[in-house]
Amino acid sequence: MRSSNPVFSRRGFSRDNGYAGNSAAPQAGGPAVQTQGNPYAQGAPAQTAPTNPYAQNPYAQPDGLQGSGPQAPAGAARMTMDDVIMRTGTTLGILIVTAALAWALLPVDDANMARSIGVAVVAGLAAMVLGLVQSFKRKASPALIVTYAALEGVFLGVISSFVDNRIAGGAAMQAVIGTMAVFAGVLIAYKAGWIRVNRRFYGFVMAAALGFVLLMAVNLLFAVIGGGDGLGFRSGTLGIIMGIVGVLLGACFLALDFKQVEDGIAYGAPREEAWLAAFGMTLTLVWIYMEFLRLIAILQSSD
């Protein structure tokens, strides 16, 4: 269950068959079921459920290994919702604490601007590297994830302080409230069954996210070469539109995160997978927060 932000791929989905594996997964809000080929199943009688051709067991073995591979030890700990909540809370808590410390200890006044922004850039680049490393690892590394959260917090703390104090007063708190509202809204919609994560949904979101990231990369390249805001995708009316699109993409990736958690619990994923779920949720929430921060800065600066 490789967790990720909108830039990275996610374990459980394959490029050609939706979820990798061989067994049908429960729909959002549906009952958890055990499926043939799940290496974490302990031999309990399988419940029958309608087959979803798009959502399949990300923990199932390949066809040639059905029933032949080693099963997980009977006493092995399984991932639970409490595990996901605890580890997500830990990761976000560390991020918030380091962000608050960076805000307080790295001021963005004229005398300290260069130093503070320099520290933020270094922390942000280091966090990006750690995020990429963890995204391509097969197993979760709690130390890596915690370090990522700490460095990302430093970056967000300085950037938020800069925007709040120099561009748009109160933007940081507004971005936090907006992020919390999106999280709550998507969670309610997902649990109510209003959002169905299937192969078509996944393909659409990934295509839209890839196009969005490439467009922003081109805009950044033009900004570096020609100065200003490049092609203008981060300012004015066009910047507002792109900010809204970014928030909507983040909301879609939250739905994918919820699906991963639901499938992991339903199929008896090992407890360490909860760290990957926490990592992916943190990446997505950081994405949404940054899009809100940019959007609010554009809106207030245009007043």
Side-chain angles (χ1 to χ4, degrees), residues 5-6 85 87-113 115-124 127-128 131 146 148-189 212 216 229 233-255 257-258 278-303:
N5 70 357
I85 292 173
R87 285 155 180 76
T88 303
T90 299
T91 305
L92 290 176
I94 292 172
L95 187 149
I96 292 170
V97 168
T98 55
L101 289 174
W103 186 305
L105 301 178
L106 296 171
V108 291
D109 53 11
D110 293 335
N112 298 285
M113 174 73 72
R115 178 177 65 89
S116 298
I117 295 298
V119 172
V121 170
V122 171
M128 182 179 67
V146 167
Y148 158 80
L151 292 172
E152 190 69 52
V154 173
F155 172 77
L156 291 179
V158 175
I159 296 302
S160 299
S161 177
F162 176 83
V163 173
D164 204 86
N165 289 298
R166 289 181 167 266
I167 301 176
M173 182 56 65
Q174 293 172 33
V176 169
I177 294 173
T179 303
M180 293 172 61
V182 170
F183 179 89
V186 174
L187 179 60
I188 292 171
F212 183 87
M216 293 304 99
D229 188 38
F233 290 126
R234 284 305 190 183
S235 62
T237 302
L238 193 55
I240 294 173
I241 294 174
M242 296 305 295
I244 295 173
V245 171
V247 171
L248 291 176
L249 281 174
C252 290
F253 273 90
L254 270 181
D257 288 329
F258 295 153
F279 176 64
M281 204 84 69
T282 301
L283 285 169
T284 303
L285 291 174
V286 167
W287 168 286
I288 296 172
Y289 174 82
M290 287 297 297
E291 290 302 321
F292 266 121
L293 197 65
R294 291 191 188 100
L295 183 59
I296 293 167
I298 294 172
L299 288 172
Q300 292 199 22
S301 62
S302 62
D303 290 342

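The first residue of the sequence shown is numbered 1, and numbering continues consecutively from there. We use all heavy atoms of the structure for the numbers below, so side chains are in, but hydrogens, waters and symmetry mates are not.
Applying the salt bridge (Lys or Arg N to Asp or Glu O under 4.0 Å) test to pairs two or more places apart or on separate chains, none has a residue in residues 175-185. Counting only residues at least two apart or on different chains, no salt bridge (Lys or Arg N to Asp or Glu O under 4.0 Å) pair has a member in residues 170-188. Listed by first and then second residue, the salt bridge (Lys or Arg N to Asp or Glu O under 4.0 Å) pairs involving residues 91-102 amount to none (not counting sequence neighbours). Among residues at least two apart or in separate chains, ring-ring contact (aromatic ring centres under 6.0 Å, His included) pairs with a member in residues 159-188 are Phe183-Phe258. Annotation: salt bridge (Lys or Arg N to Asp or Glu O under 4.0 Å) contacts involving residues 278-288, sequence neighbours excluded, are absent.
Not counting sequence neighbours, the partners of Asp110 by the side-chain contact (heavy atoms from CB on, under 4.5 Å) test are Arg166. Partners of Ala255 under the side-chain contact (heavy atoms from CB on, under 4.5 Å) rule, at least two apart in sequence or in another chain, are Val186, Ile195, Val197, Phe201. For Ala172, the side-chain contact (heavy atoms from CB on, under 4.5 Å) partners are Trp103, Ser160, Asp164, Tyr289, not counting sequence neighbours. By the side-chain contact (heavy atoms from CB on, under 4.5 Å) test, Ala181 is found to be paired with no residue, residues two or more places apart in sequence or in another chain being considered. The salt bridge (charged side-chain N to carboxylate O under 4.0 Å, His left out) test applied to Glu152 returns no partner, not counting sequence neighbours.
Tested against Leu285 for a side-chain contact (heavy atoms from CB on, under 4.5 Å), the candidates Asp257, Leu254, Val182 yield a single pass: Leu254.
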Can you give each donor-acceptor pair under 3.5 Å made by side-chain atoms of residues 91-102, sequence neighbours left out, with the distance rounded to 0.1 Å?
unit_1 : atom_1 : unit_2 : atom_2 : d
Thr91  : OG1    : Arg87  : O      : 2.9
Thr98  : OG1    : Ile94  : O      : 3.0
Thr98  : OG1    : Leu95  : O      : 3.0
Thr98  : OG1    : Ala150 : O      : 3.1

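Residues Val245 and Leu248 are not in side-chain contact: their nearest non-hydrogen atoms beyond the backbone lie 4.5 Å or more apart. Side-chain contact between Val158 and Val119 is absent, with no heavy-atom pair separated by less than 4.5 Å.
In this structure, CE in Met242 is found 8.5 Å from CG in Leu249, a value given to the nearest 0.5 Å. One finds the OH atom of Tyr148 at 4.0 Å from the CG atom of Leu283 (value rounded to the nearest 0.5 Å). Distance check: Leu105 CG to Ser161 OG gives 11.0 Å after rounding to the nearest 0.5 Å. A distance of 10.0 Å separates CD in Glu291 from OG1 in Thr179, rounded to the nearest 0.5 Å. Distance CG/Asn165 to CG/Asp109: 9.5 Å, rounded to 0.5 Å. Here the CG-CD distance, from Leu295 to Gln300, works out to 10.5 Å after rounding to the nearest 0.5 Å.
Ala297 and Val163 get closest at one heavy-atom pair: CB-CG1, 4.0 Å.
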Would you check, one step at a time, whether the test side chain to side chain contact (heavy atoms under 4.5 Å, CB included) holds for Val122 with Leu151? CA-CA 9 Å; Val122 171; Leu151 292 172; over 6 Å; no
